[in-house]
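In this chain, numbering begins with 1 at the start of the sequence shown.
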Amino acid sequence: MIKSKLALIIIIILFSIPSCSLFKQSKGEKRTRLLIAHTDFRHTDSVVNEGKIEAALNFIAIQTGKYELVPLHVRDSLSVQLKAAGEESTVYEIAKSTGADKNVFITISQLKNMLRVELIINTTEGFDARTGVGYCLLNYREIGNDKALYDPSLLKAIQRAFAAAVRDTNLFRQPDGSRTVMPTKTLAVGGLLFQTRPEILPKWELLNDKEVNSFDVVETIFSAAKDCPYYTVYDTETRDGIYSLFNLYIVENFVPPSPEEINALIKLEVDSYLTGSIRRIESGAFAELQLYDISTGKIRQIRSASDTIKTDDILDCRTVLQKLTKKVLDCR
């Protein structure tokens with residue numbers, strides 16, 4: 001859902017600024033000139049194209065004041081001219097002709113609602129290659145038909161990849177903290193173990209109706225985690241899309257992730273996952289969340305948080321889990 005119409009309008013306006021305006025730099029100011037050398041699109045929607053990549057990098061150049069972008073029409077015209085003259089139209093020759101300092105190679109991938117951008121920046125001679133990866137969920141939608149709006153999410157994913165590639169995590173940090181974009185870790189929300197004790201404690205519908213309520217729990221955790229600036233969180237549809245790639249079709253949200261599910265997340269380069277449990281106790285239900293790092297291929301617990309759900313009420317459960325999610329992710 002669109003969070004701010006004004007913010008979306010600003011992004012659309014910025015995406016419409018012609019990249020040639022970047023060549024109007026102040027006297028004596030030296031900016032790094034970038035050339036889009038190659039773009040690769042994998043399983044993306046047809047609306048994602050090289051023009052949108054140009055617009056995003058154009059915005060980055062304007063926002064930082066450190067870069068300028070060789071327009072695509074200039075690059076393509078030079079390529080045609082070089083071929084017509086019987087000369088090589090390699091990336092190196094085009095970069096040399098435009099005075100570019102750096103080449104940019106971009107790969108855009110999409111899995112369900114998640115965009116992944118891999119960006120390689122190197123010198124025009126092919127040296128000092130640096131890679132950055134950025135993710136962003138497609139969380140902006142058209143009102144009425146729920147169609148994804150790609151531009152805001154694509155821009156944010158490219159910003160994250162760009163900041164990672166140039167080794168400057170504060171490149172898009174705003175002084176007041178608003179609209180700050182930084183490289184993030186990816187996070188998947190796993191199932192939570194639901195434990196009842198019907199032999200000694202009265203039943204709770206919250207725990208007994210585990211198929212329905214466990215899905216609500218996972219969605220509650222996702223909703224609380226998605227605005228944390230340190231993580232890009234997979235929604236349940238995309239998380240289950242990862243599992244289906246490895247033929248894991250039956251996902252139960254009322255049990256912790258299986259070893260097979262965790263291995264699937266690791267193979268798709270997911271950095272971390274959240275899981276936990278809700279256990280019936282005499283004073284209510286004991287809720288605990290655990291955050292694990294899996295970025296190295298091994299499972300390592302980072303931190304945990306717990307609290308008591310005092311009533312058999314899904315609203316009370318949501319409130320507790322929202323608080324625990326922000327605490328365990330250190331996004332209070």
Side-chain angles (χ1 to χ4, degrees), residues 1-19 39-60 63 72 106-118 133-161 172 178-181 184 186-189 211-229 231-245 248-249 251 253 268 270 314-315 318 322 325:
M1 184 62 65
I2 299 173
K3 297 179 182 178
S4 168
K5 291 184 179 179
L6 178 60
L8 183 57
I9 291 171
I10 291 172
I11 290 172
I12 293 172
I13 292 173
L14 287 169
F15 262 61
S16 67
I17 298 174
S19 56
T39 54
D40 187 17
F41 302 96
R42 299 177 182 176
H43 310 294
T44 57
D45 192 284
S46 59
V47 301
V48 182
N49 53 50
E50 201 170 34
K52 291 186 181 296
I53 305 304
E54 179 186 32
L57 287 174
N58 180 36
F59 175 49
I60 286 172
Q63 185 181 26
L72 288 176
I106 302 176
T107 301
I108 312 291
S109 307
Q110 181 178 345
L111 176 62
K112 298 292 185 179
N113 299 316
M114 184 67 81
L115 287 176
R116 179 187 186 273
V117 173
E118 182 174 318
V133 176
Y135 290 81
C136 190
L137 201 65
L138 290 167
N139 53 0
Y140 290 89
R141 304 281 169 172
E142 289 186 11
I143 297 174
N145 60 15
D146 203 40
K147 185 179 179 180
L149 292 169
Y150 279 82
D151 289 0
S153 299
L154 182 61
L155 171 60
K156 189 172 289 187
I158 292 175
Q159 284 177 308
R160 287 169 173 162
F172 304 109
S178 64
R179 298 186 302 280
T180 288
V181 179
T184 57
T186 50
L187 171 71
V189 181
E211 288 81 3
V212 173
N213 289 332
S214 63
F215 181 78
D216 190 288
V217 161
V218 169
E219 287 294 302
T220 296
I221 294 172
F222 165 77
S223 180
K226 65 182 177 61
D227 294 324
C228 180
Y231 294 91
T232 298
V233 189
Y234 282 85
D235 63 353
T236 51
E237 180 184 358
T238 309
R239 180 204 68 180
D240 293 350
I242 293 176
Y243 294 154
S244 67
L245 291 175
L248 303 172
Y249 296 105
V251 179
N253 288 310
L268 264 289
V270 177
I314 190 64
L315 296 179
R318 290 172 184 168
Q322 287 169 354
T325 300

A.B. asks: Given Y135, which of T186, L187, V117 fulfils the side-chain contact (heavy atoms from CB on, under 4.5 Å) condition?
C.D. replies: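 Of the listed residues T186, L187, V117, the side-chain contact (heavy atoms from CB on, under 4.5 Å) partner of Y135 is T186.
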A.B. asks: For the atom pair CG (N113) and CZ (R239), what is the distance rounded to the nearest 0.5 Å?
C.D. replies: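 Spacing of CG (N113) from CZ (R239) equals 13.0 Å.
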A.B. asks: Do F172 and I60 pass the side chain to side chain contact (heavy atoms under 4.5 Å, CB included) test, and can you show the C-alpha distance, the side-chain angles, and the key distance before you say yes or no?
C.D. replies: CA-CA 9 Å; F172 304 109; I60 286 172; 3.8 Å; yes
A.B. asks: Apply the side-chain contact (heavy atoms from CB on, under 4.5 Å) test between Y150 and each candidate in D45, I108, L155, T44; give the one that qualifies.
C.D. replies: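 Testing Y150 for a side-chain contact (heavy atoms from CB on, under 4.5 Å) against D45, I108, L155, T44 leaves exactly one candidate, D45.
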A.B. asks: With rounding to the nearest 0.5 angstrom, report the NZ to OH distance, K156 to Y140.
C.D. replies: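 The OH atom of Y140 is 5.0 Å from NZ of K156, to the nearest 0.5 Å.
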A.B. asks: Who are the side chain to side chain contact (heavy atoms under 4.5 Å, CB included) partners of S214, not counting sequence neighbours?
C.D. replies: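 Testing S214 for side chain to side chain contact (heavy atoms under 4.5 Å, CB included), a comparison that skips the adjacent residues, returns F194, N253, F254.
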A.B. asks: Which residues satisfy the side chain to side chain contact (heavy atoms under 4.5 Å, CB included) test with S223, sequence neighbours excluded?
C.D. replies: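 Here the qualifying residues are K226.
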A.B. asks: State which residue, out of N139, L138, I143, fulfils the side-chain contact (heavy atoms from CB on, under 4.5 Å) condition with R141.
C.D. replies: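 Only match with R141 under side-chain contact (heavy atoms from CB on, under 4.5 Å): L138.
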A.B. asks: Could you grab the distance from atom CG of L57 to atom CD1 of I158, nearest 0.5 Å is fine?
C.D. replies: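 CD1 of I158 is found 5.5 Å from CG of L57.
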A.B. asks: Applying salt bridge (Lys or Arg N to Asp or Glu O under 4.0 Å), can you list everything that pairs with E50, at least two apart in sequence or on another chain?
C.D. replies: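 Expected list: R75.
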A.B. asks: Is the backbone of A161 close enough, under 3.5 Å, to the side chain of Q159 for a donor and an acceptor to pair up by distance?
C.D. replies: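 Here the side-chain-to-backbone pair does not exist.
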A.B. asks: Working to the nearest 0.5 angstrom, can you tell me the gap between M114 CE and C136 SG?
C.D. replies: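 Atom-to-atom, M114:CE and C136:SG are 8.0 Å apart.
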A.B. asks: Can you list the steps and then say if R160 with T232 is a side chain to side chain donor-acceptor pair (under 3.5 Å)?
C.D. replies: CA-CA 11 Å; R160 287 169 173 162; T232 298; 3.0 Å; yes
A.B. asks: Do you know which two heavy atoms are closest between R42 and T107, and how far apart they sit?
C.D. replies: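 Looks like NE-CG2, 3.7 Å.
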A.B. asks: Search all heavy atoms of S244 against all heavy atoms of G241 and return the closest pair with its distance.
C.D. replies: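 Minimum heavy-atom contact is OG-O, 2.8 Å.
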A.B. asks: If you look at every heavy atom in V233 and A225, which pair is closest and at what distance?
C.D. replies: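 Heavy atoms only, the tightest pair is CG2-O, 3.6 Å.
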A.B. asks: Enter the distance from F41:CZ to I106:CD1 here, rounded to the nearest 0.5 Å.
C.D. replies: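 F41 CZ to I106 CD1: 8.0 Å, rounded to 0.5 Å.
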A.B. asks: So, for V48 and K52, which heavy atoms are closest and what is the spacing to 0.1 Å?
C.D. replies: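 Here V48 and K52 meet closest at CA-CD, 4.2 Å.
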A.B. asks: What's the spacing between T238 OG1 and L111 CG if we round to 0.5 Å?
C.D. replies: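 Interatomic distance, T238 OG1 to L111 CG, rounded to 0.5 Å: 6.0 Å.
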A.B. asks: Could you walk me through whether L154 and I53 pass the side chain to side chain contact (heavy atoms under 4.5 Å, CB included) check?
C.D. replies: CA-CA 8 Å; L154 182 61; I53 305 304; 4.2 Å; yes
A.B. asks: Considering all heavy atoms of both residues, which atom of V218 and which atom of T236 are nearest to each other, and what is their separation?
C.D. replies: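 In this case the closest contact between V218 and T236 is CG1-CG2, 3.4 Å.
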